[in-house]
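Each chain gets a letter, A, B and so on, in the order the sequences are listed, and its residues count up from 1.
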Amino acid sequence: MTITEHAYLLAAIPAGMFLLLALLGRYLPRGGDYLGVLATGTSFGLMIAVVANYVQNRGGLGGAFQHGLEAQEFPAWTNSIEWSTVGDFVLRMGIYVDPITVLMLGVITTVALMVNIFSIGYMKGEPRYYWFFAVLQLFVASMLMLVLADNLLLLLISWELVGVCSFLLIGFYWEKRSATEAAKKAFITTRVGDVGLFIGVVLLGKAAGTFNIQDVIHAAQEGHIGSTYLFVSMMFLFLGAMGKSAQVPFHVWLPDAMEGPTPVSALIHAATMVVAGVYLTARMLPAFEVAGDMMLIITLVGLVTALLTGFIALAQTDIKKVLAYSTVGQLGFMFVALGSGAPEAAMFHLMTHAFFKALLFLGSGSVIHATHHHQEMDELGGLWKKMPITATTFLIGSLALAGVFPLAGFWSKDEILHSTLDWGGGWAFILLAFAAVLTAFYTTRLFVRTFLGKPKDQHIYEHTHESSFVMTGPLLFLCLLAIVSGFVVFQDVGKAIGFPGGITEFIFVEHPHVFHIDWALAGTSIAIGVIGIFSAGWMYWGGSTVRSTKLAEWQPGLYDMITNKFYFDEMYQYGIDRGLLGFSFIVSWFDRYVVNDTGVDGSAQITKYSGSVLKYAQTGKVPNYAMGVAIGVITLAVVGLAVRG
Amino acid sequence: MATEVLWWIFAVAIVGVSAGVVFSRSVIHSAIFLILSMVGVGAMYLLLMVEFLAIVQLLIYGGAVTVLILLALMLTRMGAGGAAQKVDGPQMPFALLAGGGILAILVGVAVSTSWPGDVDDQPTGISIELISEKLFQDFGAPFVIASALLLVALVGAIILARQEDAD
Amino acid sequence: MVPLENYLVLSAILFSLGVYGVLARRNAVLVLMSVELMLNAVSMNFIAFSAYLDPSRITGVIFAVFIITVAAAEVGLALAIVIRLFRNRATVNVDEAAILKW
């Protein structure tokens, strides 16, 4: 019995705290926010214990996160109980801890703890303060359960639970119409994908005869599932991943989700929930690999997303919207890595991205809080002097996002670019490199226009002040992680922490590989960052938009496309207006005239009319009725005799 | 041989008086024919060697029921020219058809069916002891219920027929 | 030697006469009398079956006993209704008691 086998406690504690806060939170002093921090803090502590225990007990063996290949080195811990039995079918519920899970646990609990602490400052004085912390605990619990789940059904349940939490938190300010609309949009859009996930889970469970993830993967690898069937079910599964991770064409909900409180954006819509799709794909990657062209599809989806959102982010003026599109784009990067068969690169980027993107979101939250809810770049500027800690940490986060050596983003992005080359997709490498340039560009633009130059609105500027330590503390901690978390790629660093080596020796398919710096690639990466940063710096230096306006006037069509986000929302609106409402109109016509008037009213009318005609058969005279009885008896007798022969 | 002759005499008599019940133009005649018919059926029970039921038939039908019917006829006597009234309703011809149809079916079935268990082609006498045994042992509960039914019918008939104060 | 069929045919004739009477007669008392004819026919049928086919269990005889019982009750009630009808509407013609309709 080790702590790893009881890793479900990580989820159980916040879940219990959710119940406590939801029921009693309003009566507690300060809404029980300290209890929320306590719960996530306990999870964080347990996570460290689990990781330590996990590392200790694997005897320094290299691990493969799938069945079969090196069974004696199989590093997963499982613990499950019987859930229900239907006939011969036994459904078990339990946890499964392998390197991916360990990494996810680390990311989730760390960011969740930081966000909880940050929220104490950010949400101060908001209505329903206790409710915010309660739902936050529920989210942490569901998200942890999602990554711990050892079977697809439990995963699906957690998947829906995080969706609900996302819905509740996006719509936290439900007095605002835009917030409720955004919450609905997020929920419905992801739901489209979730239906796919559900179908995929059912299909896979039916074919494999079990819902246990490892057994399903095993069945797929052994070829127990027909190739077309497998492809279709994996495609459905991937639809769920796309919806949750906001990949094109499901990306429209994530920018709108920024209506939620900023800590929520940091936790749910940057670091954890939206990476559930990446997690699911990585978890099922061995099955994806044998499912026809799924890997290519994953790569393409990731590439298109990365490029498209990179362009859209160029023209956004809302700080959080830029970050939201950036998140979608980075998730695209991760999917490209997965499609290239490099889960280690994807998970690595997932981790570093979680840290620096949470940092950026919390930084923007600090700005928004300080400026009393002004988040348009056009109204800000020059904030460096007013809030140095926020600005510095934000700068480091931006540089990490842009992929500047030697920050975390550099290493993970490098790994992804490397994986595309290994996979043999030169075109993918070039496109992805271009997306990376765009990333560097809009990140620089964001920073320059927010923190440098002259303040555009003097009034806002004067009322701005640096945030309290409860907010800057998490910023500093995440900033530290954004700097150092990339170094786990090195073998020596990994060994020093206790792992068998760098992250690529910890998470891998088939064979671990030791990380070596490829100087040509690293040079390219650095060049990418430099190009992006300097071109943006040149264009927006001093917060000026003169040059960018000229650029927009030079290519008005393209600019129009970008500012309107490639008209995705309009397309969907058109599709809903014409397609869905048109179909609904036909259905409602059918319901009103065929079902109601003909079917329901019609049968009543027939009865009424026939009654009005046939009532004259009722003479009221007993002999007539008796005659009816006699005729009936004779008829029955004749029929009976005739039938009997 | 004597049984057969007796049977045929009674059978013809029963059919004749029963026809009288339904075809007679006078209600009083009909009632008298009915008494005769009941008695004839009772005699048939004797021929079937079920003496108990024969006596019951005579007592209840021949006695009580017909007296009741005669009483009702007297009480509902209409006007002075009662005899002039039509006794048959407008659907009399159809009634003939219906009666004929049912007769045809019943006779056809009765004749064409071979009845199982009919070994010696003769009725077996059923003693009163056997009847009482069955009635009071096996069919005790229905017997009690039947007595309750009679009581209810008695009370109901009184309530229906009594002169109400309001009238 | 009287075969069973003789009794059956006799009771069939009685029953059919009863049916005719019920359908054709106007006077409610006559209708009732016809009903009694039909009941008699049925009773005779039962007893004949019992005596010929089932002399040990005598279910038919028991049935006839109950038919007589129920018939007595029925006649009593029906005649009470007829008297009631006559008192209210001054007629015993079943054709004229025709308000139970639309």
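- Around CZ of A/Phe187, the count of heavy atoms belonging to other residues, nucleotides or ligands within 6.0 Å exceeds 12.
- The neighbour count for B/Phe94 CZ, taken as heavy atoms of other residues, nucleotides or ligands under 6.0 Å away, does not exceed 12.
- Atom CZ of B/Phe23 sits in a crowded spot, with more than 12 heavy atoms from other residues, nucleotides or ligands closer than 6.0 Å.
- Atom-to-atom distance recorded for A/Ile634:CD1 and B/Ile102:CD1 is 4.5 Å, nearest 0.5 angstrom.
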Check every N and O of chain B against chain A and note each donor-acceptor pair under 3.5 Å, with its distance.
unit_1: B/Gln91; atom_1: OE1; unit_2: A/Asn624; atom_2: ND2; d: 3.3
unit_1: B/Gln91; atom_1: NE2; unit_2: A/Pro623; atom_2: O; d: 2.9

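- Of all the listed residues (A/Ala637, A/Pro623, A/Ala630), the one sharing the greatest number of non-hydrogen pairs under 4.5 Å with chain B is A/Pro623.
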Please walk me through it: do B/Val109 and A/Leu641 pass side-chain contact (heavy atoms from CB on, under 4.5 Å)? CA-CA 9 Å; B/Val109 170; A/Leu641 288 174; 4.1 Å; yes
